[in-house]
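First the structure, in the form of structure tokens, and then the observations on it.
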Amino acid sequence: MPRQYPIEKIRDIGIIAHIDAGKTTVSERILFYTGMSHKIGEVHEGEAVMDWMEQERERGITITSAATTCFWIPTYRDGNKQFEHKINLIDTPGHIDFTVEVKRSLRVLDGAVVVFDGVAGVEPQSETNWHYADEYKVPRICFINKLDRMGANFEKSLASIKERLTPNALPIQIPIGAESDFSGVIDLIKNKAFHFEGEHGERLIEIPIPENLVSVAERYRHELIERIAGEDEKLTTKYLEGVDITEEELMSVLRKATINVTLIPVLCGSALKNKGVQLMLDAVVDLLPSPSDLPGVKGIDTATGDEVIREPKDTEPFTALAFKIAADPYVGSLTYFRIYSGVLNRGSYILNASKNNQERVGRILRMHANHREEVDEIYAGDIGALVGLKDTTTGDTLSDPDHSITLESIDFPRTKADQEKMGVALRRLSEEDPTFRVSGDQDTGETIISGMGELHLEVLVERMKREFGVTADVGRPQVSYKETITGEAEAEGKYIRQSGGRGQYGHVWLRAKSTERGSGFAFLNEIRGGTIPQEYIPAVEKGVREAMDKGVIAGFRLVDMEVALYDGSYHEVDSSEAAFKIAASMALQTAVKLSKPIILEPIMKVQVIAPGDFLGDVTGDISSKRGRIEEMSDRGTVKVVDAKIPLSEMFSYATKLRSMTEGRGSFTMEFFAYEPVPKNLEQAIIDGKR
């Protein structure tokens, strides 16, 4: 059976965003407008087609990537089937716990629609997903959604995209109205305005650009033309000469720039209110790449070990990547795959090149969320699913047995087995070496190892790899900064919650005061007269101690301070240890903010030994590291320099010293004290750059 849709008319795209930005609602509108569903399923009603798992419908969130195929004729083609495009769509999760689903989907997609909440703008998971898309160089367009909501602001959301994600974001639409008055969009390329009418906004009506927006649209359009013209020499010349640039020329250059990820088009609308989705589908067809617009996929020929490239053509040998394994209650195990080249026929044999196992192709499915359509063959550029593969896992390459190739796999976080193996290795090493300490960061899930210096940690990591066979992702060494206060302040902490039954009540007054450097922490109970019962005092101290684990400037541990509990109140029924613990934590954070907090850095006592010929270079380098030279002396034929230097300046010092002294210099280093960080460096530490 011949290919129904030329590869140029295929789009493999994903919908990605932070949780609750409206990804699944956008996907549901796409299915409705493309005719794949005849009723719009709402997420808040638990009826979204793309959220087909029971847990997804119960929680109102997307947990697993759902794949579907739909078909779209651009709105300005008047329904002409000649211009129909096939869109393979994946709706990915937005919750951080399911981020691996996004990563494996982006690995096989050619383009993405990134959805943003018009009120919140760029949110944390938006950034994570954006960086994944950058990693795989996925072309994308942005859709600022929910512009009908109270507090929605297109310009603020656009500014957050430019500031936090990319300066290359370029609006090609602007909204008409805001919040409850949001009624349509202005297409800046066509220089036309559109309303969406009908029960589900299915009729696109061209209207004059509202008078109050004519000047705004002109300003945005001028910037649009200038930015697009800057991507092409011919258009730049026309622009500088004042020659009109046609809509076709703008779209052609914008498409190339979008595919090259040098410009990111930004659109707008409200999926829930059925506004803007059809024009977003037009942009998917017009601006995002087909498989044939992108370079061929690179892999390794398993027979020769040479790098080979498979072009996105049906005539090339079959090459595909399995990007997801799913358990289906009706057909058993499903292997989702993306074909990069060749054709796959039912009944044929394929090679799992990653495991060197042959598999028989039984049933080939085209997926529509949880519904499926059986097909006899599937072509280059398509996404489908195979039933019953026995030994294929996520990231495996499927290929023609006579032309075996392995593609780059998909990297995932370490498994539980890897983590347990690492835990055993770290415990053994810390038993051997009492200066080696291991802790965990609950916020990031990272394992933190602490030692006497950079080389010490490098050796231990290398031992972990060689002696225990543990592979770990190791970050750069970090300085153990701390925070403290320089003044004195009092603060109140009150925690009150009422939820129908027994409530929660805790109320404290704390006084925080700085103490001598190195004195540690002291908690004083100054409660008199039973204003807080004695049984709640330990909970207050615990709340204070836990709050000290995270400072107010950059989140470093608080040290060298005295905290006194001197007043408060309680409730006969509603007070509890938990409420007082939370109240104490709140009070301490406030008191610290009022007590002139500063960051402390470790200062090291360093002794450098070098030939006298290099003394000037050594002392000059110490001064450049914010070091204080305490003493210089002679030791036989060499010079000895004693100095105090911040630890943050000492990374890679061994290499630098050898370079300065022709390999004849050496140094020793030990901890001396914590001292305040200069104000001009605080911001760099807060930003994680030091």
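Side chains included, hydrogens not; waters and symmetry mates left out as well; all remaining heavy atoms used. Quantities reported herein were computed from a predicted structural model and do not represent experimental measurements.
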What's the separation between atom [atom1] in [X] and atom [atom2] in [Y], rounded to the nearest 0.5 Å?
X      : Y      : atom1 : atom2 : result
Met604 : Leu647 : CE    : CG    : 5.0 Å
Thr486 : Met561 : OG1   : CE    : 11.0 Å
Ser157 : Leu147 : OG    : CG    : 7.0 Å
Ile532 : Phe580 : CD1   : CZ    : 5.0 Å
Asn168 : Asn260 : CG    : CG    : 11.5 Å
Leu524 : Glu541 : CG    : CD    : 9.5 Å

Would you say that [X] contacts [Y] through its side chain, given a criterion of any heavy-atom pair below 4.5 Å between the two side chains?
X      : Y      : result
Asp621 : Tyr653 : yes
Ile16  : Val115 : no
Ile537 : Leu565 : yes
Tyr570 : His507 : no
Met660 : Phe614 : no
Leu588 : Met548 : yes
Ile161 : Ile144 : yes
Ser569 : Thr531 : no

Backbone N/O of [Y] and side chain of [X]: donor-acceptor pair under 3.5 Å:
X      : Y      : value
Glu483 : Leu558 : no
Thr515 : Asp560 : yes
Glu562 : Phe523 : no
Ser585 : Ile582 : no
Glu490 : Arg511 : no

Charged N to carboxylate O below 4.0 Å: is that the case for [X] and [Y]?
X      : Y      : answer
Arg149 : Asp117 : yes
Lys639 : Asp634 : yes
Lys162 : Glu223 : yes

Trace of the salt bridge (charged side-chain N to carboxylate O under 4.0 Å, His left out) decision for Asp567 with Arg528: CA-CA 8 Å; Asp567 200 1; Arg528 301 290 179 268; over 6 Å; no
Side-chain donor-acceptor contact under 3.5 Å, Gln504 with Ser576: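 Checked: Gln504/Ser576 side chains pair up, N/O donor to acceptor below 3.5 Å.
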Polar side chain donor-acceptor pair, Ser514 to Glu488, under 3.5 angstrom: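 Side-chain D/A pair, Ser514 to Glu488: absent.
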Lys NZ or Arg CZ of Arg164 over Trp130 ring: under 6.0 Å, within 45°: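 Checked: cation-pi criterion not met.
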Pi-cation contact, Phe672 with Lys644 (under 6.0 Å, within 45°):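 Output yes; distance and angle both within limits.
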Salt bridge (charged side-chain N to carboxylate O under 4.0 Å, His left out) evaluation trace for Glu649 with Lys656: CA-CA 12 Å; Glu649 305 287 348; Lys656 187 164 189 184; over 6 Å; no
Over 12 non-hydrogen atoms of neighbours within 6.0 angstrom of NZ in Lys625: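 Counting neighbours around NZ of Lys625, more than 12 heavy atoms of other residues, nucleotides or ligands fall under 6.0 Å, so yes.
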Exceeds 12 heavy-atom contacts within 6.0 angstrom, atom CD of Glu526: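 Count over threshold, so yes.
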Option passing salt bridge (Lys or Arg N to Asp or Glu O under 4.0 Å) with Glu675 (candidates Lys482, Arg517, Arg628, Arg626):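 Among Lys482, Arg517, Arg628, Arg626, the one that satisfies the salt bridge (Lys or Arg N to Asp or Glu O under 4.0 Å) with Glu675 is Arg628.
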Aromatic contact, Phe143 with Phe116 (centres under 6.0 Å):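 So the answer is no for these two rings.
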